[in-house]
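What's counted below: heavy atoms across the whole structure, side chains too, no hydrogens, waters or symmetry copies. Chain A is the first sequence line, chain B the second, and so forth, proteins listed ahead of strands; every chain is numbered from 1.
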Amino acid sequence: MVVDLSELALKAGLADYSPVRGCMVIKPYGYAIWELIQKELDARIKECGHENAYFPLFIPESFLKKEADHIEGFAPECAVVTHAGGQKLEEPLVIRPTSETIIYHMFSKWIHSWRDLPFSVNQWANVVRWEMRTRLFLRTTEFLWQEGHTAHATHEEADGEALRMQKVYYDFMTKILALAPIVGQKSDSERFAGAEKTYSLEVLLRDGKILQAGTSHCLGQGFAKAFEIQFQTPNNELEFVHLTSWGVSTRLIGAIVLGHLDEKGLILPPAVAPIQAIIIPIYKTEEEKNKVLEECQKIASELKLAGIRHKIDSNDQTSPGAKFNEWELKGVPIRVQIGPRDVQNNQVELVRRDKCEKLKNIPRLGLPEKIQSLLTEMQDYLYERQLAWREENTYSADSIDELEQILETKGGFIKAHWNGKADTENKIKELTKATIRVKAFDEPEEKGKCLISGEESLQRVYIGRAY
RNA sequence: CGGGAUGUGGCUCAGCUUGGUAGAGCAUCUGCUUUGGGAGCAGAGGGUCGGAGGUUCGAAUCCUCUCAUCCCGACCA
């Protein structure tokens with residue numbers, strides 16, 4: 001099984017390496033997936049009342065330094081512009097690694113009264129983080145994402161908003177991406193730089209590793225104080241706002257690929273497949289070709305009417321067999337095969353990418369409806385399969401040896417007791433190369449002893465090796 | 001930044017140990033036959049061997065330096 005994302009992403013035409021270290025070119029097929037992600041998620045974000053805006057790529061260096069934890073977390077990975085217009089700049093400009101600072105600078109100008117709250121903005125943008133090691137889609141130097149920022153009058157409201165957006169992500173990932181993330185809260189050491197609490201969504205991939213697919217932060221008042229975002233209460237008192245920020249990135253494409261792939265290549269959930277049905281004509285003679293292609297055109301126009309994203313692979317130079325393999329590699333959900341026999345009998349052959357089963361003698365009449373129902377079935381099936389995969393690969397460990405053994409032989413999520421402290425967390429990481437991924441919300445209470453310290457613990461946490 | 005590897009037609013790589021003036025497969029082009037699970041045959045075009053310097057009559061091959069990329073660790077969406 002090809003589980004190497006880089007190889008698969010290159011072969012399937014999602015992306016290519018660029019001349020710049022750690023940066024990728026997202027090719028049309030990969031970008032089309034991103035556009036579908038954007039479209040679906042953007043609608044959900046707007047339903048929450050958040051509007052889109054755009055802030056500058058450049059951030060004055062001094063802005064980043066205003067929040068102590070934030071600069072400490074991000075300084076090592078910032079790209080900084082020191083020269084422009086042929087001259088050394090008065091103040092260096094950081095290329096945004098994230099936009100909290102510049103957005104909150106603006107918030108302080110825009111928010112004055114309790115009547116202005118809650119206040120929110122979302123932006124779709126690129127950010128740059130000079131990571132030591134990069135990997136196509138999972139960790140690139142420049143990546144695309146969406147970052148939402150909200151300001152609230154109370155801590156409870158801000159925390160509620162951070163949780164609400166995490167739920168929006170959960171809903172999006174399960175319904176649209178057919179992924180089954182564990183949702184919960186990050187440990188202190190894995191928390192976002194400058195945040196009070198970080199909520200995350202952790203996906204178990206098919207190679208047994210874990211991917212943080214999205215985060216939502218309750219920032220408390222730290223940034224508000226650093227950027228002096230104050231408002232007057234109805235009682236005429238000055239108070240600092242409570243902020244949240246939340247984001248998902250092009251990493252989601254990596255999550256889709258690694259969450260669903262099989263030995264033949266990608267399997268795209270229908271909801272984000274740029275091509276949902278690929279039509280492959282099969283013929284020998286010129287006469288057959290004309291008849292078959294004519295029928296393909298008819299099918300295409302019916303699919304268009306039905307709102308199914310499709311394409312006819314009319315390439316004359318490759319054999320049908322080659323096309324089958326090509327589109328399987330690219331993960332197209334439904335393949336429509338049609339040859340002279342089918343035209344004759346008013347039927348087609350369909351193949352579902354996930355199960356790879358051939359459905360012969362499908363009546364030509366009502367084909368769009370049939371394809372639509374298969375797409376729906378496949379979307380559900382992929383989610384069920386992901387969920388089952390996660391459940392089958394979630395284990396419990398009650399000692400560090402047991403934890404290590406499961407990591408070595410199986411991978412996956414391992415639930416274990418932990419005392420909640422940083423030193424024991426580091427120790428686990430040191431010993432096993434695995435990290436505490438998340439404290440799940442729906443984890444039942446259970447008395448136990450910390451793997452390292454033996455201290456009392458009331459709840460298991462999820463541990464695993466992550467990307 | 002530590003460890004490993006690689007750089008040779010568009011792509012994947014061989015050749016390097018033991019120097020003798022560049023090769024295969026895929027792709028491309030031409031022609032004919034093919035097309036229901038990765039087509040066949042015949043022919044053609046295309047490379048200052050990452051860069052610089054050195055050794056030598058002669059360097060893809062040996063030496064020195066340099067640049068770049070990828071993989072494995074510490075950092076991270």
Side-chain angles (χ1 to χ4, degrees), chain A residues 4-7 10-11 16-24 72-78 96-99 125-147 169 181 186 189-193 195 198-203 210-217 245-255 264-265 280-286 288-289 292 313-329 335-345 347-351 356 358 360-361 426 429-430 433 435 465-467:
Chain A
D4 182 59
L5 174 65
S6 306
E7 196 189 330
L10 293 173
K11 276 191 183 167
D16 202 352
Y17 289 108
S18 78
V20 184
R21 192 202 76 103
C23 295
M24 66 176 169
E72 199 188 321
F74 280 104
E77 56 187 73
C78 285
R96 63 180 165 221
T98 177
S99 306
N126 58 340
V127 288
V128 167
R129 297 182 186 179
W130 220 260
E131 304 288 356
M132 296 300 179
R133 238 194 87 222
T134 58
R135 206 182 174 93
L136 284 188
F137 286 111
L138 298 184
R139 195 180 306 101
T140 45
T141 300
E142 179 186 5
F143 58 95
L144 306 181
W145 78 350
Q146 147 283 311
E147 53 178 319
Y169 288 151
K186 283 293 200 184
S189 68
E190 297 268 333
R191 208 176 47 208
F192 174 74
T198 288
Y199 302 116
S200 82
L201 300 100
E202 306 279 327
V203 176
I210 290 136
L211 186 72
Q212 183 174 314
T215 50
S216 180
H217 316 288
S245 70
W246 23 275
V248 297
S249 70
T250 35
R251 175 179 270 191
L252 284 179
I253 297 175
K264 291 182 172 182
I280 300 182
I282 299 162
Y283 48 80
K284 288 194 177 79
T285 65
E286 194 69 14
E288 286 177 346
K289 177 180 169 179
V292 170
D313 186 350
S314 55
N315 186 345
D316 235 352
Q317 305 303 310
T318 52
S319 68
K323 290 175 185 173
F324 299 162
N325 288 296
E326 169 73 11
W327 293 108
E328 274 166 359
L329 173 67
R335 197 164 70 234
V336 183
Q337 303 178 181
I338 177 161
R341 286 203 302 270
D342 301 305
V343 179
Q344 189 73 40
N345 301 332
Q347 63 186 36
V348 299
E349 185 169 315
L350 297 179
V351 185
C356 280
K358 282 190 183 172
K360 300 203 178 202
N361 311 327
N426 286 334
K429 196 171 172 181
E430 226 173 84
K433 289 179 192 160
T435 46
R465 289 194 177 140
Y467 271 108

Compare the minimum distances between each of [options] and the side chain of [X], then state the nucleotide with the smallest one.
{"X": "I282(A)", "options": "G37(B), G38(B), G36(B)", "result": "G36(B)"}
{"X": "Y17(A)", "options": "G37(B), G36(B), C70(B)", "result": "C70(B)"}
{"X": "R133(A)", "options": "G73(B), G37(B), C75(B)", "result": "G73(B)"}

With a cut-off of under 6.0 Å to the ring centre and 45° to the axis, is R335(A) in cation-pi contact with F324(A)?
yes
Check whether the side chain of K323(A) and the base of G36(B) form a donor-acceptor pair under 3.5 Å.
no
Donor-acceptor pair present, R139(A) side chain and C76(B) base, under 3.5 Å:
yes
For C356(A) and C23(A), take the nucleotide of RNA chain B holding the closest heavy atom to each; which residue's nucleotide lies nearer the 5' end?
C356(A)
Within the 4.0 Å heavy-atom criterion, would you say [X] contacts the bases, only the backbone, or no part of the nucleic acid?
{"X": "L138(A)", "value": "base"}
{"X": "G339(A)", "value": "base"}
{"X": "D316(A)", "value": "nothing"}
{"X": "S245(A)", "value": "nothing"}

From CD of E190(A) over to P of A77(B), roughly how many Å is that when rounded to an integer?
8 Å
Can you find a side chain N or O atom of S6(A) that sits less than 4.0 Å from OP1 or OP2 on C71(B)?
yes
With a cut-off of less than 4.0 Å, is there a side-chain N or O of R135(A) near OP1 or OP2 of C72(B)?
yes
Please enumerate all residues that pass side chain to side chain contact (heavy atoms under 4.5 Å, CB included) together with E77(A), with sequence neighbours excluded.
F74(A), R129(A), E131(A)
